[in-house]
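So the structure is just underneath, and the comments pick up after that.
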2 protein chains.
Amino acid sequence: MNDGMPPQMGQSLLFLTDEQLRKGIEAMFFAYRGFTADPDRILAQKSYGRAHHRAIHFIHRSPGTTVNNLLSILGVTKQSLNRVLRSLIEDGLVASTVGQRDKRERHLHLTEAGAELERALSDAQRDRMRAAYRAAGPAAVAGFRQVLEAMMDEETRHHYEAMKDRPE
Amino acid sequence: MNDGMPPQMGQSLLFLTDEQLRKGIEAMFFAYRGFTADPDRILAQKSYGRAHHRAIHFIHRSPGTTVNNLLSILGVTKQSLNRVLRSLIEDGLVASTVGQRDKRERHLHLTEAGAELERALSDAQRDRMRAAYRAAGPAAVAGFRQVLEAMMDEETRHHYEAMKDRPE
DNA sequence: CTTGGAATGTCAACAAAGCTGACGTATTGT
DNA sequence: ACAATACGTCAGCTTTGTTGACATTCCAAG
């Protein structure tokens with residue numbers, strides 16, 4: 001590897017070479033495939049897709065959330081979300097209730113069936129994550145999270161932080 | 001948070017709680033959006049998509065690679081890749097040459113224009129990665145890579161390892 | 001030398017999931 | 001009363017993935 005840097009440059013910045021960055025980019029690409037592979041298999045059986053998974057995940061995460069809130073978390077248009085949400089409601093996995101204070105709002109909850117699918121999906125995803133965490137160790141996990149957080153968009157990070165430490 | 005674990009359990013395994021795993025899952029989701037955001041903006045202007053980016057990236061990475069090899073790296077069908085590849089070839093960003101030893105194979109290279117787009121895309125992506133790396137520091141980066149590698153599928157990891165240390 | 005299989009390319013049809021734009025309805029706040 | 005907000009929906013378009021079918025070209029084994 002010759003990236004034009006002087007040989008006397010300390011090792012401390014070696015993790016910023018183009019080669020290191022490229023490896024990081026490829027690691028993200030390949031790892032994300034693994035990250036979604038297990039839930040994808042479950043979803044395919046029920047003829048759902050990743051969009052359904054994401055909706056289910058964040059409704060589980062923030063029960064009673066409104067459509068608008070979900071929209072801004074997911075970063076998609078309401079038309080796109082509506083298609084997914086409609087099928088989940090029709091299939092009885094999600095319940096949509098008119099708001100108390102503001103009747104324009106719809107509050108979203110998982111039904112028992114929805115919670116069951118959520119468990120199946122997140123169990124599969126957590127199993128892989130757990131194996132990766134266990135293999136890498138606590139220090140690596142801390143670094144993993146640090147880099148990922150630094151990689152987010154500003155606005156996205158606010159969503160992430162906002163639900164970061166909410167109790168289960 | 002009450003996940004049913006005894007309070008006397010050491011801190012050493014705290015990074016394996018469901019809550020920690022869930023945070024990791026959400027961090028992956030949000031970070032991947034940031035990871036693709038910058039190249040996506042460039043691609044949208046040229047009416048290309050992520051599939052074009054991926055093809056360009058790995059052709060740049062492994063010049064002269066065959067279609068079949070690219071297929072297995074990207075994990076898509078040949079019909080899907082072919083559509084993308086055809087447009088790149090038509091637009092003069094990728095050159096496809098018949099193999100010497102085996103004339104059934106097509107060897108793929110970036111043209112000068114293709115290399116130019118590749119630079120624009122990877123510069124944008126690397127800038128964000130560099131900022132994240134710099135913010136997190138070398139130890140965090142090592143952990144980041146460790147966890148990502150442990151998260152890959154077996155077969156995928158082989159692709160990753162295979163091109164891991166090839167010189168630029 | 002013939003034939004089977006591998007590598008590639010192409011056509012057609014389809015689905016998931018994103019987008020824009022337009023419009024309707026109910027409700028809220030000014 | 002009226003404007004803005006929240007939501008749902010219709011129509012149409014794009015990208016990117018999928019199957020299935022089929023032709024071509026070529027290598028290699030029989």
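Convention: sequence-line order gives letters A, B, ...; per-chain numbering from 1.
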- Query: Can you check whether His52(B) has a side-chain N or O nearer than 4.0 Å to OP1 or OP2 of dT16(D)?
  - Reply: yes
- Message: Heavy atoms only, 4.0 Å cut-off, all strands: where does Arg83(A) land among base, sugar-phosphate and nothing?
- Response: base
- Measure from NE2 on His53(A) to P on dA17(C) and round the result to the nearest Å. 12 Å
- Item | Those residues that, when tested against Gln100(A), pass side chain to side chain contact (heavy atoms under 4.5 Å, CB included) (two or more places apart) | none
- Closest heavy-atom pair, Arg128(B) versus Ala37(B), reported as atoms and distance to 0.1 Å, is NH2-CB, 4.1 Å
- Message: How many whole angstroms separate atom CG of Asn82(B) from atom P of dT19(D)?
- Response: 16 Å
- Note on the structure: Separation of dT16(D) atom P from Tyr48(B) atom OH, nearest Å, is 11 Å
- Whole Å only: how far is the CZ atom of Arg86(B) from the C1' atom of dT10(C)? 7 Å
- Message: Applying side chain to side chain contact (heavy atoms under 4.5 Å, CB included), can you list everything that pairs with Lys46(B), at least two apart in sequence or on another chain?
- Response: Tyr48(B), Leu117(B)
- Grab the CG-C1' distance between Leu108(B) and dT8(C) for me, whole Å please. 11 Å
- Note on the structure: Contacts of Asn82(A) meeting side chain to side chain contact (heavy atoms under 4.5 Å, CB included) (sequence neighbours excluded), chain-then-number -> Arg86(A)
- Compute whether any side-chain donor of one residue and acceptor of the other, for His107(A) and Ser96(A), lie under 3.5 angstrom apart. no
- Message: From CZ of Arg33(B) over to C1' of dG18(C), roughly how many Å is that when rounded to an integer?
- Response: 13 Å
- Partners of Arg33(A) by salt bridge (Lys or Arg N to Asp or Glu O under 4.0 Å), sequence neighbours excluded? none
- Query: Mapping Ile89(A) and Gly49(B) onto DNA chain D by nearest heavy atom, which one lands closer to the 5' end?
  - Reply: Ile89(A)
- Task: For nucleotides 20-30 of chain C, just jot down a letter per nucleotide in 5' to 3' order: B, S or -, based on protein non-hydrogen atoms under 4.0 Å.
- Result: BBB---BBS--
- Side-chain N,O (Arg54(B)) to OP1/OP2 (dG17(D)) below 4.0 Å: yes
- Message: Can you tell me if Asn68(A) touches the phosphate of dT5(D), counting only side-chain N or O atoms and a distance under 4.0 Å to OP1 or OP2?
- Response: no
- Nearest-Å distance for atom pair CG/P, residues Asp40(B) and dC19(C): 11 Å
- Task: Round to the nearest Å and state the distance from Glu90(A) atom CD to dT9(D) atom C1'.
- Result: 13 Å
- Query: Can you list the residues that meet the salt bridge (Lys or Arg N to Asp or Glu O under 4.0 Å) rule with Glu90(B), with sequence neighbours excluded?
  - Reply: none
- 5′-ward residue of the pair Arg50(A)/Thr66(B) relative to DNA chain C: Thr66(B)
- Message: Counting the atoms with a prime plus P, OP1 and OP2 as sugar-phosphate, which does His107(A) contact under 4.0 Å by heavy atoms, base, sugar-phosphate, or nothing?
- Response: nothing
